[in-house]
Amino acid sequence: QVQLVESGGGLVQAGGSLRLSCVASERTFYNYAMGWFRQAPGKEREFVASISGSGGNRLYADSVKGRFTISRANPKMTVWLQMDSLKLEDTAVYYCAQGLVLRRTPEYDYWGQGTQVTVSS
């Protein structure tokens with residue numbers, strides 16, 4: 001059973017930055033695409049960003065393009081989401097996900113427990 005553990009969430013003022021981390025337990029981490037999704041209260045879970053196993057391909061939601069950066073280090077079995085120029089509407093629980101296919105939709109095989117990001121004015 002793959003475990004994904006997110007960290008790095010917190011409270012930040014609008015315009016600030018946070019970096020989320022997700023550490024996987026899967027030793028063949030490099031074989032898998034990784035994604036970040038988020039869910040705000042009363043809303044459906046939405047795609048944020050994803051990265052291929054090699055790190056060579058990345059996808060972003062239009063709402064975060066140019067502000068967020070996804071990256072990974074396979075030897076560390078870690079994926080990061082660098083979030084800059086945060087806005088109030090970025091407030092959500094952020095989830096890390098792992099799957100075989102790089103995609104924008106939530107058909108990933110494994111999910112983390114989530115980390116709360118709150119952006120204040």
Side-chain angles (χ1 to χ4, degrees):
Q1 180 73 16
V2 173
Q3 291 188 326
L4 303 173
V5 180
E6 302 102 331
S7 62
L11 176 64
V12 63
Q13 285 192 323
S17 297
L18 279 176
R19 188 172 83 153
L20 305 183
S21 300
C22 173
V23 180
S25 63
E26 174 58 63
R27 282 180 288 182
T28 56
F29 180 74
Y30 53 87
N31 281 338
Y32 296 94
M34 299 297 295
W36 286 98
F37 290 75
R38 66 187 182 187
Q39 187 165 20
K43 295 189 177 181
E44 293 188 354
R45 190 170 297 190
E46 66 171 359
F47 170 76
V48 176
S50 59
I51 188 168
S52 61
S54 67
N57 293 301
R58 305 177 190 191
L59 302 175
Y60 294 97
D62 289 344
S63 58
V64 306
K65 200 173 294 182
R67 299 188 298 121
F68 290 11
T69 303
I70 189 170
S71 60
R72 66 189 294 160
N74 288 340
K76 295 183 178 180
M77 297 188 293
T78 301
V79 61
W80 295 278
L81 183 69
Q82 177 66 40
M83 305 185 294
D84 299 318
S85 302
L86 282 161
K87 303 177 180 180
L88 296 178
E89 53 264 41
D90 294 320
T91 295
V93 177
Y94 283 71
Y95 297 90
C96 171
Q98 184 184 80
L100 288 174
V101 179
L102 181 69
R103 60 173 94 234
R104 297 175 182 269
T105 54
E107 291 84 18
Y108 282 74
D109 299 313
Y110 299 101
W111 293 82
Q113 80 289 351
T115 186
Q116 176 71 47
V117 171
T118 302
V119 183
S120 66
S121 58

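By convention here, the first residue in the shown sequence is residue 1.
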Indicate every side-chain donor-acceptor pair of residues 71-79 with a distance under 3.5 Å to a residue at least two apart or in another chain.
| unit_1 | atom_1 | unit_2 | atom_2 | d |
| --- | --- | --- | --- | --- |
| R72 | NE | G53 | O | 3.4 |
| R72 | NE | N74 | OD1 | 2.7 |
| R72 | NH1 | Y32 | O | 2.8 |
| R72 | NH1 | S52 | O | 2.8 |
| R72 | NH2 | F29 | O | 2.9 |
| R72 | NH2 | Y32 | O | 3.1 |
| R72 | NH2 | N74 | OD1 | 3.2 |
| N74 | ND2 | G53 | O | 2.9 |
| T78 | OG1 | K76 | O | 2.8 |

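Sorted by first and then second residue, the salt bridge (Lys or Arg N to Asp or Glu O under 4.0 Å) pairs involving residues 49-63 (not counting sequence neighbours) are D62-K65. The stretch residues 47-121 participates, sequence neighbours left out, in these disulfide bond (SG atoms under 2.5 Å apart) pairs: C22-C96. Listed by first then second residue, pairs satisfying ring pair (Phe, Tyr, Trp, His ring centres under 6.0 Å) with a partner in residues 39-68 read F37-F47, not counting sequence neighbours. Sorted by first then second residue, the disulfide bond (SG atoms under 2.5 Å apart) pairs that include residues 59-93, not counting sequence neighbours, number zero.
For T28, the side chain to side chain donor-acceptor pair (under 3.5 Å) partners two or more places apart in sequence, or in a different chain, are E26. Applying the side chain to side chain donor-acceptor pair (under 3.5 Å) test to Y94 and every residue at least two apart in sequence or in another chain returns R38. Residues meeting the side chain to side chain donor-acceptor pair (under 3.5 Å) test with S25, sequence neighbours left out: none. E107 is linked by a side chain to side chain donor-acceptor pair (under 3.5 Å) to T105, counting only residues two or more places apart in sequence or in another chain. Applying the side-chain contact (heavy atoms from CB on, under 4.5 Å) criterion to D84, with sequence neighbours excluded, gives S17, Q82. Listed by chain and number, the residues in a salt bridge (Lys or Arg N to Asp or Glu O under 4.0 Å) with K43 amount to none (sequence neighbours excluded). Checked against salt bridge (Lys or Arg N to Asp or Glu O under 4.0 Å), R67 has the following partners two or more places apart in sequence or in another chain: D90.
Of the inter-residue distances, the one linking Y108 atom OH with M34 atom CE reads 9.0 Å to the nearest 0.5 angstrom. Atom CG of D109 sits about 5.5 Å away from atom CG of L100, to the nearest 0.5 Å. Separating the CD1 atom in I51 from the CG atom in N57 is a distance of 9.0 Å, to the nearest 0.5 Å. Interatomic distance, CG of L18 versus OG1 of T115, reported as 9.0 Å (0.5 Å rounding). Of the inter-residue distances, the one linking Q116 atom CD with L11 atom CG reads 9.5 Å to the nearest 0.5 angstrom.
Connection of W36 to Y110 is established within a shared hydrophobic cluster, with ILVMFWY side chains joined at heavy-atom distances below 4.5 Å, either directly or through further cluster members. Note on V119 and V48: same hydrophobic cluster, where clusters join Ile, Leu, Val, Met, Phe, Trp and Tyr whose side-chain heavy atoms are under 4.5 Å apart, directly or indirectly. Residues W111 and V93 are members of one and the same hydrophobic cluster, defined by side-chain heavy-atom contacts under 4.5 angstrom among Ile, Leu, Val, Met, Phe, Trp and Tyr.
Residue Q13 places its CD atom among 12 or fewer non-hydrogen atoms of other residues, nucleotides or ligands, all under 6.0 Å distant.
No donor-acceptor pair under 3.5 Å is formed between the side chain of Q39 and the backbone N or O of A92.
Considering all non-hydrogen atoms of both residues, L102 and S50 come closest at CD1-OG, 3.2 Å.
Just one of V117, L20, V64 meets the side-chain contact (heavy atoms from CB on, under 4.5 Å) condition when paired with L81; it is L20.
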